[in-house]
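In what follows, every heavy atom counts, from backbone to side chain, and hydrogens, waters and symmetry copies are set aside. Just so we're clear, the structure is a prediction, and the values are computed from it rather than from any experiment.
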Amino acid sequence: MRVRYAPSPTGYPHVGNIRTALFNWLFARHCGGSFILRIEDTDVARRVEGATEDILDSLRWLGLDWDEGPAVGGNYGPYFQSQRAKVYRPIGQHLVREGYAYPCYCTPERLAQMRAEQVRSKQPPGYDRRCRNLSSKERAQFEAEGIPPVIRFKIPIEGQTRFYDLIRGEIVFDNKTLDDFVLLKSDGYPTYHLASVIDDHLMQITHVLRADEWLASTPRHILLYHALGWEPPQFAHLPIILGPDRAKLSKRHGTTSLIEYRERGYLPEAMVNFLALLGWSLDDKTEIISREELIHHFSLERLSKTAAIFNIDKLSWMNGVYIRQLDIDDLTQRAISFLEKGLPCQVDRPISQDYVHQIMPLIQERAKSLGEIPQLVDFFFVNELDYNTHLLLGKGMSRETATRALAAAQERLGMLDPFDPASVEALLRPLSQELGLKTGEFFGLLRVATTGRTAAPPLFHTMAVLGKERCQKRIKIALAKLHSNF
RNA sequence: GCCCUCAUCGUCUAGAGGACUAGGACAUCGGCCUUUCAAGCCGAAAACAGGGAUUCGAAUUCCCUUGGGGGCACCA
């Protein structure tokens, strides 16, 4: 069993593309087959520099390893279509000789005009077959004029083309609704249709799992296989992923490229889990499922037929689940680069791993992505807290009360040793009562003084990580703020 | 316009004729817990697009309608 993922190098793959890769990979791994990566770079105009690396980058990030393809080689290479040009042309010529294809000399201008007229007269757009039955004389004349022809496939005028789609069942097309599509472009490069059919055959691909948008061109491919005397692979057309507006995912939907999710701090394991469940399900309740279980249980039968909308809220929730499952060492490692990048510039670099390691338990259950960690913890790093003094006077606390409470805390804290969470709590809780303040009021006050915010990780742990000195310094500043006019 | 395709809560989905008072999850809204924010727990609201047909019985089968999506390039 051999499957392939065949992207064209026009940039980083978006989540829809990569989910197709994921399903192919899962299918291969489940069956013990081969997952092949092939780069479809036959469009010279659209080729983007470095895009192949971007594709490999995306696959590697998710851990979708390929058995054959760029960087790993294989027995069916090369795996770049641009390096296989010599394979396609002879086959195209062969098709012409056998009467399955013909050269077409129509200019792009004429074709555009023809199409415009068809649209205007509400006719289905499609090549009008003007060159299909050229006499050898006419052909010779065009050749003499030096017009480089394209090679078009001769669609049978009558009959039907049918095939069995693994997830949609029997599909039938009337041949008369198909037009004579281009096999070889005038620059000598093959079109997708020709190249993919030839390569899938030569690379002995057994199952083609590809996006639904290919369904309509599958009859052309089937016809091509027949013309070439080859056995077509099995097809399975996957439902596509839609944007929130129900249209096919594209750049205008904002974040669609997979790699942007990495940059925003989504974990690859969460991404794999989430993407797998977009169009596939195990049962009626499984949401969190490991890569191994996915491989173990994956099957085409449980693929859904309906297009799915990419639901980022659910992805974020799932990412949070995965973040909470990380052990602290791991979380620390993953957080460092985001902190280096996201913490205010006045914070000294490099960031202390040891310190981060102490902080991570405090935000682990609060972070939905690694990208929001810097904002969650910046008060641990900056020297000067910047907050509005009014925050100290929470719900109607007077300036005097706040001052008295802060001063008392300041004094007691100074004598505290060791300065760990339990000791801080043992000190502060009774003090709250002593001061005649509710714990909510007192702790809230201290929270603002030590972190500059009203919402932060648990106070005692936070203070312990900050350390006695820094807590006292911050309380002192808070006291000063209370004395100044505001 | 033509061809193909899909149709269960707002979203992702379970459901392959009776087990459906249609299940789970995200999001939403309550409540509990609690020093804040989270997390966690409990609960609520929320769907079979419509119409026919088959059947003792239909979310499940068939047909039509409607709606959505995709395709119709010398792009993939």
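With both pairing distances under 3.5 Å, A45(B) is matched to nothing as a Watson-Crick or G-U wobble pair. In this structure, C32(B) and G40(B) make a Watson-Crick or G-U wobble pair, each of the two defining distances being under 3.5 angstrom. Pairing of U61(B), defined by two Watson-Crick or G-U wobble distances under 3.5 Å, is identified with A53(B).
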Practice task
Could you please spell out the steps behind the ring pair (Phe, Tyr, Trp, His ring centres under 6.0 Å) verdict for Y88(A) and Y189(A)?
Solution key: CA-CA 8 Å; Y88(A) 311 119; Y189(A) 274 93; 8.7 Å; no
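One atom, CH2 of W317(A), and another, P of U28(B), lie 14 Å apart when rounded to the nearest Å. Regarding F460(A), its CZ atom lies at a distance of 11 Å from the C1' atom of U36(B), rounded to whole Å. A straight line from NE2 of H237(A) to P of C3(B) spans 20 Å, rounded to a whole angstrom. Atom CZ in R366(A) sits roughly 12 Å away from atom P in G40(B) (whole-Å rounding).
Just one residue in the list D199(A), D200(A), N24(A) forms a side-chain hydrogen bond (donor to acceptor under 3.5 Å, both in side chains) with R4(A), and that residue is D200(A).
Remark: R152(A) qualifies as a cation-pi partner of Y127(A) under the 6.0 Å distance and 45° angle criteria applied to the six-membered ring.
When distances run from any side-chain atom of R324(A) to the nucleotides U36(B), A39(B), C37(B), the shortest one goes to A39(B).
Heavy-atom contacts from other residues, nucleotides or ligands closer than 6.0 Å to NZ of K86(A) number more than 12.
No donor-acceptor contact under 3.5 angstrom links the side chains of T177(A) and D174(A), judged on distance only.
Near RNA chain B, defined here as any heavy-atom distance below 4.0 Å, the residues from residues 118-129 of chain A are K122(A), P124(A), P125(A), listed numerically. Near-neighbour residues of RNA chain B inside residues 273-281 of chain A, defined by a heavy atom below 4.0 Å, number-ordered: L277(A), L278(A), G279(A), S281(A).
Toward the 5' end of RNA chain B, the nearer of the two residues L178(A) and P458(A), judged by each one's closest nucleotide, is L178(A).
Checking side-chain atoms of E158(A) against main-chain N and O of N175(A) turns up no donor-acceptor pair under 3.5 Å. Judged by distance alone, with hydrogens and angles left aside, the side-chain atoms of D179(A) form no donor-acceptor pair with the main-chain N or O of D128(A) at under 3.5 Å. With S432(A) contributing its side chain and L437(A) its backbone, the two residues share a donor-acceptor pair below 3.5 Å.
In this structure, P457(A) reaches the bases: a heavy-atom distance under 4.0 Å links it to at least one base atom across the strands shown. Across all strands shown, T177(A) has heavy atoms under 4.0 Å from sugar-phosphate atoms exclusively, and none from any base. Looking at heavy-atom distances under 4.0 Å, I240(A) makes contact with sugar-phosphate atoms alone, never a base. Within 4.0 Å (heavy atoms only), R302(A) reaches sugar-phosphate atoms of the nucleic acid but no base atom.
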With 3.5 Å as the limit, what N/O pairs link the protein to nucleotides 5-11 of chain B?
residue	atom	partner	partner atom	Å
U5(B)	O2'	R168(A)	NH1	3.3

Under 3.5 Å between N/O atoms: give me all the protein pairs with nucleotides 74-76 of chain B, atom names plus distance.
residue	atom	partner	partner atom	Å
C74(B)	OP1	R115(A)	NH2	3.2
C74(B)	OP2	R152(A)	NH2	3.3
C74(B)	O2	S186(A)	N	2.8
C74(B)	O2	S186(A)	OG	2.6
C74(B)	N3	S186(A)	OG	2.9
C74(B)	N4	C106(A)	O	3.4
C75(B)	OP2	K185(A)	NZ	3.0
C75(B)	O2'	D43(A)	OD2	2.7
C75(B)	O2'	R46(A)	NE	3.2
C75(B)	O2'	R46(A)	NH2	3.2
A76(B)	OP1	T42(A)	OG1	2.9
A76(B)	OP1	K185(A)	NZ	2.5
A76(B)	OP2	Y192(A)	N	3.1
A76(B)	O3'	E40(A)	OE1	3.0
A76(B)	O2'	S8(A)	OG	3.1

Every protein N/O within reach of nucleotides 21-23 of chain B N/O, cut-off under 3.5 Å:
residue	atom	partner	partner atom	Å
G23(B)	N2	D284(A)	O	3.0

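In this pair, F181(A) and H193(A) present their aromatic rings perpendicular. The plane angle is above 60°, beyond the 30 to 60° band. Relative orientation of the F310(A) and Y261(A) rings is tilted, given thresholds of 30° and 60° on the angle between their planes.
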Exercise answer: donor-acceptor pairs, residues 438-446 of chain A side-chain atoms, under 3.5 Å, sequence neighbours excluded:
residue	atom	partner	partner atom	Å
E441(A)	OE1	K438(A)	N	2.9

